[in-house]
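As structure tokens, the structure follows; a few thoughts come after it.
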Amino acid sequence: MATEGELMFHDQSDFEYDYETLRTTGVIIGVILFVSGILIALSKKLTCSKSSSNSNPAGTQIPKTEVPPQTV
């Protein structure tokens with residue numbers, strides 16, 4: 001007579017993993033995460049030049065002061 005545990009899980013012996021699909025999916029997900037990580041890292045280093053001009057919303061330029069040459 002079969003035990004209760006054997007009756008509940010009698011199909012497990014027929015189950016087989018599809019390792020090729022699992023491996024292919026893992027590689028594709030890994031490549032996508034790697035490329036997106038590179039793009040995120042590069043996007044923080046590369047900034048648009050227009051964004052720096054927006055830091056002065058009034059549109060006025062900050063005057064530059066000249067430093068006189070020092071004599072020794």
Side-chain angles (χ1 to χ4, degrees):
M1 184 169 165
T3 63
E4 185 178 330
E6 291 175 357
L7 290 176
M8 287 177 48
F9 302 110
H10 65 87
D11 290 344
Q12 272 192 338
S13 61
D14 297 335
F15 185 77
E16 293 181 15
Y17 287 104
D18 186 7
Y19 288 107
E20 184 177 346
T21 304
L22 186 63
R23 188 179 305 132
T24 305
T25 305
V27 169
I28 290 171
I29 291 172
V31 167
I32 290 171
L33 290 174
F34 178 75
V35 170
S36 64
I38 296 289
L39 290 175
I40 289 171
L42 289 177
S43 70
K44 294 193 181 213
K45 289 185 179 182
L46 302 174
T47 57
C48 186
S49 61
K50 288 184 178 182
S51 65
S52 63
S53 66
N54 289 339
S55 63
N56 193 358
T60 59
Q61 294 182 353
I62 300 173
K64 295 181 180 179
T65 58
E66 294 183 18
V67 178
Q70 296 179 354
T71 56
V72 179

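In what follows, every heavy atom counts, from backbone to side chain, and hydrogens, waters and symmetry copies are set aside.
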> Can any side-chain N or O of Ser36 pair as donor or acceptor with the backbone N or O of Leu33 at less than 3.5 Å?
Replying inline: yes

> Tyr19: what forms a ring-ring contact (aromatic ring centres under 6.0 Å, His included) with it, not counting sequence neighbours?
Replying inline: Tyr17

>> My understanding is that only residues two or more places apart in sequence, or in another chain, count here; which of them pass side chain to side chain contact (heavy atoms under 4.5 Å, CB included) with Ile40?
In response: Lys44

> Going from CZ on Arg23 to CD1 on Ile28, what distance comes out if it is rounded to the nearest 0.5 angstrom?
Replying inline: 13.0 Å

> side chain to side chain contact (heavy atoms under 4.5 Å, CB included) with Phe34: which of Ile38, Val31, Ile32?
Replying inline: Ile38

